[in-house]
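Step one of this worksheet: look at the structure below.
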Amino acid sequence: MYIEIGFLAVIILFVMQYIGGFSINKFVDDNAVYFKRLQEDDFEFYAKAKYGDAVDIEKLFNARLRQALLLSLFLGFMLINKLSGSTALIVFAIFFGMFKLPYMQLKQHYKSHLHLIDAQLPYYLKNLEILIQHYTVPVALGKSVGDAPEIFQEGLRDLIEKINAGDSSVQPYMEFAREYPVRDSMRMMRLLYRLGLGKQERKQEQLLTFSRTVSSLQQKAREARYKSRLDKMESKTMQMLVCTGVGVMLLLVLSILQSFG
């Protein structure tokens, strides 16, 4: 019965969209002012972090709305013969969940992205430190691009391009740090900028400071990696204990039922 209603709902929605009797796109566009209030304050930030500055935020947000509304209408047809306050609440909860899901995925992508940067930045800086011992900072940056983790390569090319264009201020370094806003990135890029400005007689002293800071970052990255592994092991252990406990409880319930039978 529910399968037939579901097929009927899909057909009705398709026909109404086709003949123009009802259009989800038009409904969303006509009520854009009201729907805009549902947009999260940081949705644009997370969307640009994943897709870049050229992404159409309004189009992306409206796509979220359309998908959630279509699924809600479909479920509304499925539950039409059991229409009540509880079913309406279920449909609304599913709409809200479907609407929030893309936002949560964007947020999770951003966190994973930052975690990857945070883990790889100290090791990139260590390789850069070795190059700086033999070259100036701009030349060392240029030579480091090929061996740098892929996640940093675009930002490094932008940084080098601005330096080669004649920008001798700290701004290009700060823009790189803002593009990869992880632990101590601002501080490291300031150190790198000062190292590039330093006189030759002070280079070894500044390079030693840079090296100590990089080593400290590497140690923190190792500790974070070990902690992450321990957390995963604890999580898997808890899952195993819960599954074992549930299994034992089920066996006890079955044995009790059998004894009563």
Checklist entry - Does the side chain to side chain contact (heavy atoms under 4.5 Å, CB included) test come out yes or no for Asn62 and Lys59, once each step is laid out? => result CA-CA 5 Å; Asn62 288 344; Lys59 183 178 179 181; 5.9 Å; no

Item to check | Derivation and outcome, side chain to side chain contact (heavy atoms under 4.5 Å, CB included), residues Leu192 and Val137 | outcome: CA-CA 7 Å; Leu192 199 60; Val137 170; 4.0 Å; yes

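Between the Ser144 side chain and the Leu128 main chain, no donor and acceptor come within less than 3.5 Å of each other.
Applying the side chain to side chain donor-acceptor pair (under 3.5 Å) test to residues at least two apart or on different chains, the pairs with a partner in residues 88-100 are Glu40-Lys100.
The number of heavy atoms from other shown groups lying within 6.0 Å of CD (Gln105) is above 12.
Between Ile132 and Leu195, the closest side-chain pair of non-hydrogen atoms falls below 4.5 Å. Looking at Met174 and Arg190, their side chains come closer than 4.5 Å, going by heavy atoms from C-beta outward. Proximity of Lys126 to Ser215: side-chain heavy atoms (C-beta onward) are separated by under 4.5 Å at one or more points.
Closest heavy-atom contact between Ser185 and Ala177: OG-O, 3.6 Å. Minimum interatomic distance between Phe43 and Leu60 (heavy atoms only, all atoms of both residues): CZ-CD2, 3.9 Å. Closest approach of Tyr124 and Pro149 over heavy atoms only: CB-CD, 4.0 Å. Between Leu131 and Ala140 the shortest heavy-atom distance is CD1-O, 3.6 Å.
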Could you list the donor-acceptor pairs under 3.5 angstrom formed between side-chain atoms of residues 156-165 and any protein atom two or more places apart in sequence or on another chain?
| residue | atom | partner | partner atom | Å |
| --- | --- | --- | --- | --- |
| Arg157 | NH2 | Gln153 | OE1 | 3.4 |
| Lys162 | NZ | Glu175 | OE1 | 2.2 |
| Asn164 | ND2 | Ile160 | O | 3.3 |

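Using a 3.5 Å distance cut-off with no hydrogens or angles, the side chains of Asp42 and Tyr103 do pair a donor with an acceptor.
Between the CD atom in Glu58 and the CD atom in Gln39 there is a gap of 9.0 Å [rounded to 0.5 Å]. Distance CG/Asp41 to OH/Tyr46: 11.0 Å, rounded to 0.5 Å. Note that OG1 of Thr136 is 10.0 Å distant from NZ of Lys143, once rounded to the nearest 0.5 Å. With rounding to the nearest 0.5 angstrom, the CE atom of Met188 is 13.0 Å from the OH atom of Tyr173.
Ile151 and Phe176 end up in the same hydrophobic cluster when Ile, Leu, Val, Met, Phe, Trp and Tyr side chains are linked at under 4.5 Å. When the side chains of ILVMFWY residues are joined at heavy-atom separations under 4.5 Å, either directly or via intervening members, Tyr51 and Tyr180 end up in a single hydrophobic cluster. The hydrophobic cluster containing Leu106 also contains Ile57, counting ILVMFWY residues as joined when their side-chain heavy atoms lie under 4.5 angstrom apart, directly or transitively. No continuous path of hydrophobic side-chain contacts links Phe96 to Met104 [ILVMFWY only; heavy atoms under 4.5 Å].
Ring orientation note: the planes of Phe45 and Tyr110 are nearly perpendicular, at an angle over 60° on the 30°/60° scale.
Separation of the Phe61 and Phe99 ring centroids falls under the 6.0 Å cut-off.
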